[in-house]
Amino acid sequence: MAAKKITTPLTDEVVKDLRAGDAVQITGVVYQARDAAHKRLVALIEAGDELPFDLAGAVVYYMGPSPAKPGNAIGSAGPTTSGRMDPYAPALLAAGLKGMIGKGSRSAEVREAMAKYKALYFAATGGAGALLARRIRSAEIVAWEELGPEAVRRLVVEDFPLVVVNDVYGNDLYEEGAAHYRVD
């Protein structure tokens, strides 16, 4: 199956066109943020304060990069477990976030919020951080440098390979995949 090429920021039309199981390649800006950054982002939303980047149509990658070697934009850039961001995801989705990238399954609350706010969850291949880093053209810290690898970074990616796990229709690739092999 050929990957669907999409660009950021994501629109409702693009999001509605994708289904769980679709292979995609994203080009554009993706923001890297993890637990500590998510906690701060939600605190800013709750306080009505300005965010360090526009969430409208944005995609966030749950990743903690390793230091870049000379000549590279970033070091190894593999996904981290997404469930740790589940307490924060609904608030970010309500504020306009359209895509999340990580590994592992999402809670029922997050899947419901994805359907409500028309957003997607993509899986990146765990263990392939060095290969994924090759698709990142630039990386710059945009907020909270003191968080080190958990600082928010603006990544420019080209043909970043992903698979849609959860779509706006409530489909879950992990559940569907397991059902094919279930013995009753």
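Clustering ILVMFWY residues whenever any of their side-chain heavy atoms sit less than 4.5 angstrom apart, transitively, puts L162 in a cluster other than the one holding Y121. Clustering ILVMFWY residues whenever any of their side-chain heavy atoms sit less than 4.5 angstrom apart, transitively, puts V142 in the very cluster that holds M85. Grouping the Ile, Leu, Val, Met, Phe, Trp and Tyr side chains by contacts below 4.5 angstrom, directly or via other members, places Y117 apart from V15. If you chain together hydrophobic residues whose side chains sit under 4.5 Å apart, I6 and M100 never meet in one group. No continuous path of hydrophobic side-chain contacts links L93 to L120 [ILVMFWY only; heavy atoms under 4.5 Å].
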*Where do L131 and T125 land on the side chain to side chain contact (heavy atoms under 4.5 Å, CB included) test, with the steps shown first?*
CA-CA 10 Å; L131 294 172; T125 303; over 6 Å; no
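Scanning both residues, P79 and A124, for their nearest heavy atoms gives CG-O, 3.5 Å. Here the shortest heavy-atom pairing between A20 and L173 reads CB-N, 3.9 Å. Scanning all heavy atoms of the two residues, the minimum distance from A89 to V110 falls at CB-CG2, 3.9 Å. Listed here is the closest heavy atom pair of R154 and V29: NH2-CG2, 3.1 Å.
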Please set out all donor-acceptor pairs under 3.5 angstrom arising from side-chain atoms of residues 46-53, sequence neighbours excluded.
none

Residues 58-67, side-chain donor-acceptor partners within the protein, below 3.5 Å, at least two apart:
residue: Y61; atom: OH; partner: A77; partner atom: O; Å: 2.5
residue: Y62; atom: OH; partner: R106; partner atom: NH1; Å: 3.4
residue: Y62; atom: OH; partner: R106; partner atom: NH2; Å: 3.3
residue: S66; atom: OG; partner: S76; partner atom: N; Å: 2.7

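Atoms CZ and OG1, on F160 and T27 in that order, are 11.0 Å from each other to the nearest 0.5 Å. Once rounded to the nearest 0.5 Å, the distance linking CD of E13 with NZ of K118 reads 10.0 Å. Taking CG of L10 as the reference point, atom CG of L18 lies at 8.0 Å (rounded to 0.5 Å). One finds the OH atom of Y88 at 10.5 Å from the CG atom of L41 (value rounded to the nearest 0.5 Å). Remark: N72 CG to S138 OG distance equals 12.5 Å, nearest 0.5 Å. A distance of 14.5 Å separates CD in E145 from CD in E150, rounded to the nearest 0.5 Å.
Taking 4.5 Å as the limit, some side-chain heavy atom of L92 sits within range of a side-chain heavy atom of L55. Taking the side chain as every heavy atom from C-beta outward, I141 and V152 never approach each other to under 4.5 Å. In this structure, the side chains of V24 and F122 come closer than 4.5 Å at one or more pairs of heavy atoms. No side-chain heavy atom of L155 sits less than 4.5 Å from a side-chain heavy atom of Y31.
Every residue two or more places apart in sequence or in another chain that forms a side chain to side chain donor-acceptor pair (under 3.5 Å) with E158 is listed here: R137.
For D35 and R84, the salt-bridge test passes: some basic side-chain N is under 4.0 Å from an acidic carboxylate O. Checked for salt-bridge contact, D12 and K98 meet the test: a charged N lies under 4.0 Å from a carboxylate O. Electrostatic pairing of K4 and D22 counts as a salt bridge here, judged by a charged N lying under 4.0 Å from a carboxylate O.
Between the side chain of D54 and the main chain of A56, a donor-acceptor pair closer than 3.5 Å is present. Judged by distance alone, with hydrogens and angles left aside, the side-chain atoms of D167 form a donor-acceptor pair with the main-chain N or O of G170 at under 3.5 Å. Side-chain N or O atoms of Q32 include none that pairs as donor or acceptor with a backbone N or O of A139 at under 3.5 Å. Listed for the S82 side chain is a donor-acceptor partner under 3.5 Å among the backbone atoms of K103.
Side-chain contact check for R111 and S107: no donor-acceptor pair (N or O, by modelled atom type) lies under 3.5 Å.
Within a 6.0 Å radius of CD in E140, more than 12 heavy atoms belonging to other residues, nucleotides or ligands are found.
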